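Quick notes on the structure that follows.
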Amino acid sequence: MDDLTGKVIGRYRLVKLLGQGSVGSVYLGEKPLSDQKVAVKVLFPFSWIDIKSHLAEAVRISTLLDHSHILRLIEASYEEEIAYLVMSYAPFGSIRSRHPRGQPFPLPAVVSYAKQVAGAVQHAHDVGLMHGFIDPDQLLVEENTFVLLDFTDAFLKKALLAFDFIFMEKFFSARYVAPEQLHRKPQKASDQFTLGVIVYEWLAGVNPFPDFSGPNPESIPTQFRQYAIPSLRVPNPAVPEAVEQVVLKALSKYPDDRYESVAAFAAALEKASKDRP
């Protein structure tokens, strides 16, 4: 997609490109004659999807989500063959940009971040929604400690995955999704698994899964389920054993073996961090 910096879309002028994700490019937008700054996500043109109906679905979902740790959707529209989402602007970027791979987080920071993300996800679960595609790039930071979860493109990724499995690696990483989701049977416990992967990565500095690959993309779910997750204490011996056990329970290959809710996982993680010697 061409750089649209300087273009006016709807009520907003695109000031600069902030980044590019799997479903679109995100720009800093400004409302003329106003100091209001927003994030404008311009979606890639997926010709096989009825994009207008999915924009309407994004708006419907946003009306159900009212939580301090969920990024607010302001509007979703389609103009001049451009589909776009307007969201509140988080000027401090993503957690990924602040904590690159290879750098473990301190345990107190991990617990704090996990509680905030779990609170947002639990709220979605309580109103009958699941995210399904959480990764560190979608966790935005407000100042130093406040995390915002971006729900805006989850609906489009679900549509893409339903269209054809072969698009999976292009639109989201298999390293952050649960085995049952790779088998196209996602459930709320799948979000807990994903948060478990992220917490593992925060504590260890590395993702617990390799880059699964092969000539047949359909083999990835089987590779994933058969893989033995390495001990968290190998890359980071400072992690208490009780904390490791909590994380590994959230990473159980079968949903029924995980915690009863994502909130319960976060609570167990906090308790284990406080109970350590």
Side-chain angles (χ1 to χ4, degrees), residues 94-115 117-118 121 131-139 168-169 172-183 185-262 264-277:
S94 70
I95 286 183
R96 173 81 80 199
S97 65
R98 290 194 163 221
H99 300 278
R101 286 190 178 95
Q103 297 181 7
F105 291 22
L107 180 57
V110 172
V111 172
S112 175
Y113 286 151
K115 286 175 59 181
V117 178
V121 174
H131 190 287
F133 300 95
I134 306 167
D135 66 52
D137 291 316
Q138 293 180 326
L139 302 177
M168 181 191 68
E169 280 297 309
F172 69 96
S173 172
R175 302 171 79 188
Y176 292 102
V177 297
E180 69 273 7
Q181 190 170 349
L182 292 174
H183 284 282
K185 296 179 180 179
Q187 52 188 279
K188 291 177 181 178
S190 305
D191 282 338
Q192 180 187 153
F193 183 96
T194 299
L195 181 55
V197 175
I198 294 171
V199 168
Y200 185 110
E201 186 174 282
W202 285 342
L203 289 170
V206 295
N207 191 285
F209 298 102
D211 283 319
F212 297 105
S213 61
N216 179 11
E218 295 286 353
S219 70
I220 292 176
T222 301
Q223 294 179 54
F224 195 86
R225 192 178 287 279
Q226 293 176 346
Y227 179 74
I229 299 173
S231 169
L232 178 54
R233 290 160 58 80
V234 171
N236 187 356
V239 174
E241 184 176 354
V243 170
E244 178 188 52
Q245 292 305 311
V246 169
V247 176
L248 292 180
K249 180 175 175 67
L251 291 176
S252 296
K253 297 295 180 69
Y254 298 96
D256 290 346
D257 293 334
R258 299 170 203 154
Y259 289 95
E260 60 270 23
S261 68
V262 68
F265 165 45
L269 182 68
E270 182 177 35
K271 183 178 185 300
S273 71
K274 291 179 178 178
D275 288 347
R276 62 195 177 103

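Here, residue 1 is the first one in the sequence, and each next residue gets the next number. Worth saying up front: this structure is predicted, and the values here are computed from it rather than measured. In what follows, every heavy atom counts, from backbone to side chain, and hydrogens, waters and symmetry copies are set aside.
- In this structure, Leu269 and Val247 have side chains that are in contact, with non-hydrogen atoms separated by less than 4.5 Å.
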Exercise. Could you go step by step and tell me if Leu139 and Ile134 meet the side-chain contact (heavy atoms from CB on, under 4.5 Å) rule?
Worked result: CA-CA 8 Å; Leu139 302 177; Ile134 306 167; 4.2 Å; yes
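- Nearest heavy-atom pair, Tyr200 versus Pro235, reported as atom, atom and distance to 0.1 Å: OH-CG, 4.4 Å.
- The closest side-chain heavy-atom distance from Pro240 to Leu107 is below 4.5 Å.
- Between Gly196 and Leu251, the shortest heavy-atom contact is C-CD2, 3.6 Å.
- The nearest pair of heavy atoms linking Asn207 to Glu201 is ND2-OE1, 3.1 Å.
- Under the 3.5 Å distance criterion, the side-chain polar atoms of Ser94 are left unmatched by any main-chain donor or acceptor of Gln138.
- When atom types are taken as modelled, the side chain of Gln192 and the backbone of Tyr259 share a donor-acceptor pair closer than 3.5 angstrom.
- Here the straight-line distance linking atom CD of Glu241 with atom OG of Ser231 works out to 8.5 Å at 0.5 Å rounding.
- Closest heavy-atom contact between Val197 and Pro208: CG1-CD, 3.9 Å.
- For Arg258 against Pro179, the heavy-atom pair with the smallest separation is NH2-CD, 4.0 Å.
- For Lys115, the NZ atom is loosely surrounded, since the number of other residues' heavy atoms within 6.0 Å does not exceed 12.
- In this structure, Lys253 does not pair ionically with Asp257, as no charged nitrogen and carboxylate oxygen lie closer than 4.0 Å.
- For the atom pair Gln181 CD and Phe133 CZ, the distance stands at 5.5 Å (nearest 0.5 Å).
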Problem set entry | Test side-chain contact (heavy atoms from CB on, under 4.5 Å) applied to Ile229 and Leu248, step by step | CA-CA 8 Å; Ile229 299 173; Leu248 292 180; 4.0 Å; yes
For this session: Could you check Asp191 against Val262 for side-chain contact (heavy atoms from CB on, under 4.5 Å), going step by step and ending with a plain yes or no?
Result: CA-CA 7 Å; Asp191 282 338; Val262 68; 5.7 Å; no
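- Atom NZ in Lys188 sits 10.5 Å away from atom OG in Ser261 (nearest 0.5 Å).
- Taken from CZ in Arg225 to OH in Tyr254, the straight-line distance is 5.0 Å, to the nearest 0.5 Å.
- Using a 30° and 60° split on the angle between ring planes, Phe193 and Phe224 fall in the tilted class, from 30° to 60°.
- Heavy atoms only, all atoms of each residue included: Ala114 and Val199 are closest at CB-CG2, 3.9 Å.
- If you take CD1 on Ile198 and CZ on Arg175, they are separated by 12.5 Å, rounding to the nearest 0.5 Å.
- Residue Tyr227 holds its OH atom at 7.5 Å from CZ of Phe209, rounded to the nearest 0.5 Å.
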Exercise. Do Glu270 and Lys274 pass the side-chain contact (heavy atoms from CB on, under 4.5 Å) test, and can you show the C-alpha distance, the side-chain angles, and the key distance before you say yes or no?
Worked result: CA-CA 6 Å; Glu270 182 177 35; Lys274 291 179 178 178; 3.5 Å; yes
